[in-house]
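Notes for the one structure printed next.
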Protein chains: 2
Amino acid sequence: MATQRDVARAAGVSLAVVSAVVNGTSHTRMRESTRTRVLQAMQQLGYQPNQTARSLRLNQTDMIAMILNKIDNPVYGPLRHGVYEAAAEHGATVLLGDAETMRSGSQFLTRLLSQGTVDGILIRGEGLLDDDVMAELRSHPKPILILEHALDHPWIDVDDRRAGEIATRFLVNLSHRHIVFVGGSGYLSQQRYLGYQQAMDAAGLTPAPHLATGFGEQAGADGLRQAMQAATAPTAIVVNNIMSAVGVLAAARDLGIAIPDQLSVVGIHDVDLMQHLRPAVTAVRMPMYQLGRAGVEALYDLIAGRPSAGGVITDPEPELVIRDSATALTRIRD
Amino acid sequence: MATQRDVARAAGVSLAVVSAVVNGTSHTRMRESTRTRVLQAMQQLGYQPNQTARSLRLNQTDMIAMILNKIDNPVYGPLRHGVYEAAAEHGATVLLGDAETMRSGSQFLTRLLSQGTVDGILIRGEGLLDDDVMAELRSHPKPILILEHALDHPWIDVDDRRAGEIATRFLVNLSHRHIVFVGGSGYLSQQRYLGYQQAMDAAGLTPAPHLATGFGEQAGADGLRQAMQAATAPTAIVVNNIMSAVGVLAAARDLGIAIPDQLSVVGIHDVDLMQHLRPAVTAVRMPMYQLGRAGVEALYDLIAGRPSAGGVITDPEPELVIRDSATALTRIRD
DNA sequence: CCTTGTTGACGTAACGTTAATTCAAAATAG
DNA sequence: CTATTTTGAATTAACGTTACGTCAACAAGG
């Protein structure tokens with residue numbers, strides 16, 4: 001492949017001029033005619049800049065890494081889009097990794113830790129990155145931004161507490177009194193449960209204990225079964241993780257519980273799929289796309305050494321998307 | 001950050017020795033005591049090799065790109081895992097891009113086209129990459145492997161025709177006679193339709209025309225509605241794209257069609273979600289994980305200049321996963 | 001006419017690595 | 001005891017860029 005040297009030779013100019021043409025540097029100036037001559041030579045030779053050499057010289061790769069807990073989780077779709085878009089605006093490409101495969105000594109981690117691979121790192125590990133890995137990452141000289149609550153790193157996240165509150169208050173307003181909170185585990189789920197508690201307290205209702213059955217479809221099914229064993233069955237359920245809502249629907253069907261007539265369901269997080277389920281699932285949509293964009297911006301603040309905005313994103317707020325899985329309580333219960 | 005030069009100074013040896021220790025090169029030899037001295041110095045200084053400098057020197061980045069049509073499609077989950085794993089075994093990292101954002105002049109494409117970014121490229125664009133982009137990619141000096149049927153490039157793919165045949169034959173064996181084929185568009189869908197036709201012909205049944213309503217949930221709903229307008233309503237339906245099965249289920253519910261009692265449904269491709277829907281969806285699982293692994297192997301054959309295995313993957317075969325959305329036809333119809 | 005400033009370039013030293021070449025000292029062979 | 005080989009390392013030239021420093025030629029100002 002043609003290099004700047006080849007172009008220089010073909011155009012009868014020095015290397016410096018070619019480089020200046022490529023980058024539009026102001027230091028090295030040239031006649032317009034020279035510039036077009038160089039441009040033509042580049043065209044003819046099919047010159048493509050060598051990104052690696054550029055990175056070495058500039059000590060900057062125009063690449064950032066994003067590490068997600070479970071890449072496949074559809075709630076990360078908009079997050080990823082936000083990150084990719086914002087990164088592109090900064091002229092950067094995104095290297096995507098999965099926390100699950102980021103064991104100590106893994107290929108991806110080694111790559112990240114070696115110098116000159118990425119300009120910065122975005123992490124959403126939901127507590128799944130073990131301490132060894134985090135310690136290794138901490139030794140990384142490039143900035144790291146955590147896309148969830150963190151104690152010892154710059155971080156930014158959506159408002160999970162508020163989401164729990166919004167979901168619960170909606171059910172309260174539909175006259176439900178026995179509302180349970182199901183699924184999840186870890187800090188993030190606790191925040192949502194906190195929001196649930198707040199909304200229950202505000203309505204003078206007694207919060208039920210958190211049925212922390214974990215993540216995914218099965219967790220939802222398990223949660224519903226557990227909830228239904230209570231002395232007084234709930235009339236409504238807040239599902240911590242949206243994919244668990246699928247499991248809740250399935251378990252309800254299996255148990256002969258009609259949704260929403262016998263049980264109202266609200267999920268936290270929203271994905272396209274929810275509008276295509278029957279009943280379509282009412283959910284609290286989190287600004288994940290914005291989180292992605294804000295994350296990249298904050299990361300680039302860190303990279304540039306600027307002070308970086310962090311903490312909980314309160315604008316936009318989590319947004320309730322009303323569909324068919326929750327309805328007002330009309331029958332008298334308990 | 002510490003470089004090899006710093007390590008060399010600290011250990012009182014030359015650069016060459018440090019490099020040899022890092023790579024385990026046999027050319028430059030050294031005493032065991034020297035080796036440990038260097039290793040200690042590396043440890044003390046926290047030396048991490050500079051990947052960029054290495055890439056520049058070796059003209060090899062240990063990074064491959066994978067371009068997918070719609071990253072978010074859950075059927076790509078296993079494909080991605082296969083690719084990531086196999087790449088890791090080759091000591092490589094994967095740069096993931098979406099065909100949708102790969103317009104001509106896009107950040108990601110520019111990055112790919114510049115020299116020294118990746119060692120090779122894997123593409124599954126499902127016809128969505130426009131000709132400009134493909135032409136630009138073709139000019140790329142590094143090998144490209146297409147993960148679907150291609151005319152002018154090395155390619156490899158799963159057996160879509162066979163999948164259509166398997167799905168259809170299963171329904172035929174359940175005594176269905178009016179079977180429609182719904183959803184999709186493009187070469188890949190045609191292959192599956194071809195398999196459908198084959199199975200229908202083999203059973204002496206008349207294939208219905210391909211209702212090519214496209215991809216995704218909505219496409220399934222549209223397809224079912226269209227299919228139901230026929231003079232004699234079908235008793236079974238082969239859904240080209242698995243996510244469309246969600247839409248089929250929803251539309252059936254909306255139209256008051258009971259699945260599987262009034263209509264049997266079989267989807268092509270399988271994702272975890274299907275077992276959590278009600279009814280759980282019977283589907284033909286494609287060896288996407290293996291496709292990912294095989295794709296990486298074939299790509300590395302190309303990179304190494306070896307002859308590369310290509311074409312349709314027939315082992316393992318698409319596998320029928322029987323769940324609850326299809327049942328034997330017992331009532332007399334038409 | 002000399003001074004100063006501007007234009008349009010060129011040369012070159014890095015960036016951190018790898019691998020070819022070279023070479024002194026030690027070991028071995030004759 | 002000398003000739004030859006082996007061991008253990010050092011020097012150095014790239015890889016393709018970018019940016020600093022330099023400098024001739026020419027124009028403008030006094």
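Below, chain A is the first sequence line, B the second, and so on; all start at residue 1.
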Between atom [atom1] in [X] and atom [atom2] in [N], what is the gap in whole Å?
X        : N      : atom1 : atom2 : answer
A:Leu15  : C:dA9  : CG    : C1'   : 13 Å
B:Gln4   : C:dC15 : CD    : C1'   : 13 Å
B:Glu32  : D:dT7  : CD    : P     : 15 Å
A:Gln115 : C:dT17 : CD    : P     : 9 Å
A:Asp6   : D:dC15 : CG    : P     : 10 Å
A:Arg35  : C:dG8  : CZ    : P     : 13 Å
B:Leu56  : C:dC15 : CG    : C1'   : 9 Å
B:Arg5   : C:dT17 : CZ    : P     : 9 Å

Would you say the side-chain atoms of [X] pair up with the backbone N or O of [Y], donor to acceptor, closer than 3.5 Å?
X        : Y        : value
A:Thr28  : A:Ala16  : no
A:Glu148 : A:Gly125 : yes
A:Ser104 : A:Val133 : no

Between [Y] and [X], is there a salt bridge with N-O shorter than 4.0 Å?
X        : Y        : value
B:Asp152 : B:Arg138 : yes
A:Arg80  : B:Asp98  : no
B:Asp130 : B:Arg103 : yes

Regarding [X], tell me which of base, sugar-phosphate or nothing describes its non-hydrogen contacts under 4.0 Å with the strands shown.
X       : answer
A:Thr52 : nothing
B:Thr3  : sugar-phosphate
A:Asn50 : sugar-phosphate
B:Val13 : sugar-phosphate

N or O in side chain of A:Ser55 less than 4.0 angstrom from D:dT17 OP1/OP2: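 No, outside the criterion.
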Should the ring pair A:Tyr187 and A:His149 be called parallel, tilted or perpendicular, given that the plane angle runs from 0 to 90° and is split at 30 and 60?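 Parallel: the ring planes of A:Tyr187 and A:His149 meet at under 30°.
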Nucleotide nearest [X] (side chain, heavy atoms from C-beta), chosen from [options]:
X       : options                : result
B:Val17 : D:dG16, D:dA10, C:dT17 : D:dA10
A:Met30 : C:dT17, C:dA9, D:dG16  : C:dA9
A:Ser14 : C:dC10, C:dT12, C:dT17 : C:dC10
A:Thr28 : D:dA10, D:dC15, D:dG21 : D:dG21

Show each protein N/O and nucleotides 4-7 of chain C N/O combination with a separation under 3.5 Å, one pair to a line.
none

Given the side-chain rings of B:Tyr300 and B:His90, with only the six-membered ring counted for Trp, is the space between their centroids under 6.0 Å?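 Ring centres of B:His90 and B:Tyr300 closer than 6.0 Å.
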Below 3.5 Å is the cut-off: list the nitrogen or oxygen pairs between protein and nucleotides 25-27 of chain C, distance only.
none

Are more than 12 heavy atoms from other residues, nucleotides or ligands located less than 6.0 Å from atom CZ of A:Arg37?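 Check passes, neighbour count above 12.
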Contact nearer the 5' end of DNA chain D, comparing B:Leu58 with B:Ala16: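 This one resolves to B:Ala16.
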Looking only at N and O atoms, is any donor in the side chain of A:His27 or the base of D:dG21 less than 3.5 Å from an acceptor on the other one?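 Side chain to base: pair found, below 3.5 Å.
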Decide side chain to side chain contact (heavy atoms under 4.5 Å, CB included) for B:Leu95 and B:Met66; before the verdict, give the C-alpha distance in whole Å, the side-chain angles of both, and the deciding distance to 0.1 Å. CA-CA 6 Å; B:Leu95 199 56; B:Met66 171 162 61; over 6 Å; no
